Protein chains: 2
Amino acid sequence: MGRTPVDGQPVRFNAFTASCPSRRLLDTIGDKWVSLVIVALGLEGRMRYSELSARIAGVSQKMLTQTLRGLERDGLLTRTVTPSVPVRVDYELTPLGRSLLDTIRHLKDWAEAHMSEVDDARAMYDRKHQ
Amino acid sequence: MGRTPVDGQPVRFNAFTASCPSRRLLDTIGDKWVSLVIVALGLEGRMRYSELSARIAGVSQKMLTQTLRGLERDGLLTRTVTPSVPVRVDYELTPLGRSLLDTIRHLKDWAEAHMSEVDDARAMYDRKHQ
DNA sequence: CTGTATCCAAGTGGATACTG
DNA sequence: CAGTATCCACTTGGATACAG
């Protein structure tokens, strides 16, 4: 999200720099299912695949698995396989995942406090522009 | 992001409910260019279209205009046209936009503090899984 | 139960050309 | 200068079928 200039050159924001941590975080939590998974695990502590699937309305198997794999890879949750028959798999937030949950709660707070103002602004804009 | 149950039924997260403020906020700031525009305007206060275009690397005219229109519609910034020749257009955050900037800064703080841990987790995951 | 693999429709966004 | 309009390549994600 823009690097601090060290050479006196003007700052130029660059969404493409792989080194931009903010961009990467936004790409992660901007994903449709990521925050839902994190919030669900934050509330329940530990959940099975089937519980997550039931809890998150509309998610397909493909997207739930893909989301969980990505979050596991990022160190935000752990995946525990119990080799019973049938197999049981549990997911749980890591400390890193729980700290991200706090950040997501800030977003949630802003959203719940201010999205109605956004709605009002939209209604007014749409009225003005037909 | 899940509604509080009022009838004793289990909570079910639903990313589709238009009424979910968190989902809508995430959709907004998850957009590739939105946060870059907001942060740029937060830093500079007021900027012309051409200044934004120069400041944000890689943005196309189409996407910059589209992003600015969306943010104007949401009441997050104002658009001021000065009918000179050639025309001059300035963009500036509204108070609502500045309050969102604060929230974005929280994200930025988490990202700068923890994305290196995510990198480490990814490296370890990729090593384990070939 | 917990996935994996494949197909494909819809959405996203860059490039290019043109305009008040 | 500050856009608008159009085309199209690429990505995203749901549906479906299959598997350990």
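It should be emphasised that the depicted structure is a prediction, and the values quoted were computed from it without experimental measurement. Chain naming here is simple, since letters A, B, ... match the order of the sequence lines and numbering starts at 1 in each. These numbers come from the heavy atoms of this one structure, side chains and all, not from hydrogens, waters or symmetry mates.
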Practice task
Report yes if a side-chain nitrogen or oxygen of B:Arg88 is closer than 4.0 Å to either non-bridging phosphate oxygen (OP1 or OP2) of D:dA2; otherwise report no.
Solution key: no
Fill in the blank from the handout: Result for 5'-nearest mapping on DNA chain D, choosing between B:Val87 and A:Ser60, is B:Val87
Practice task
Fit a plane to each ring of B:Tyr49 and B:Tyr91, take the angle between them on a 0 to 90° scale, and name the class: parallel (under 30°), tilted (30 to 60°) or perpendicular (over 60°).
Solution key: tilted
Practice task
Starting at atom CD1 of A:Ile56, determine the distance to atom P of D:dG13, rounded to an integer number of angstrom.
Solution key: 14 Å
Practice task
Please report, rounded to the nearest Å, how far the C1' atom of C:dT4 is from the CD atom of A:Gln61.
Solution key: 9 Å
Practice task
Could you state the atom-to-atom distance from CD of A:Glu51 to C1' of C:dC1 in whole Å?
Solution key: 12 Å
Practice task
Using atom CE of B:Met63 as one end and atom C1' of C:dG13 as the other, report the distance to the nearest whole Å.
Solution key: 6 Å
Practice task
Take B:Asp31 and A:Tyr49, find for each the nucleotide of DNA chain C with the closest heavy atom, and name the residue whose nucleotide sits nearer the 5' end.
Solution key: A:Tyr49
Exercise for the section: Test B:Arg105 against B:Asp109 for salt bridge (charged side-chain N to carboxylate O under 4.0 Å, His left out), laying out the working first. Expected result: CA-CA 6 Å; B:Arg105 287 207 180 101; B:Asp109 291 342; over 6 Å; no
Problem - Contact summary for B:Trp110 and A:Ser99, nearest pair of heavy atoms - result: NE1-OG, 2.9 Å
Exercise for the section: Provide, to the nearest angstrom, the distance between the CD atom belonging to B:Gln66 and the C1' atom belonging to D:dT4. Expected result: 12 Å
Problem - Under-4.0 Å side-chain N/O to phosphate OP1/OP2 contact, B:Arg79 with D:dA2 - result: no
Fill in the blank from the handout: Residues A:Glu117 and B:Leu96: closest non-hydrogen pair is OE1-CD1, 3.4 Å
Handout entry: Nearest to side-chain heavy atoms of A:Ser50, which nucleotide of C:dT2, D:dC1, C:dG14
Key = C:dT2
Practice task
Using whole Å, report how far NZ of B:Lys62 lies from P of D:dC7.
Solution key: 12 Å
Exercise for the section: Rounded to the nearest angstrom, tell me the gap between atom CG in B:Leu64 and atom P in D:dG3. Expected result: 8 Å
Handout entry: Interatomic distance where CH2 belongs to A:Trp33 and P belongs to D:dT12 [whole Å]
Key = 16 Å
Practice task
Mind listing the closest non-hydrogen atom pair of A:Leu26 and B:Ile29 along with its distance?
Solution key: CG-O, 3.6 Å
Practice task
Tell me which nucleotide among D:dG3, C:dT2, D:dG13 gets nearest to the side chain of B:Tyr91.
Solution key: D:dG3
Practice task
Kindly say if B:Arg48 contacts the phosphate of D:dA2, meaning a side-chain N or O under 4.0 Å from OP1 or OP2.
Solution key: yes
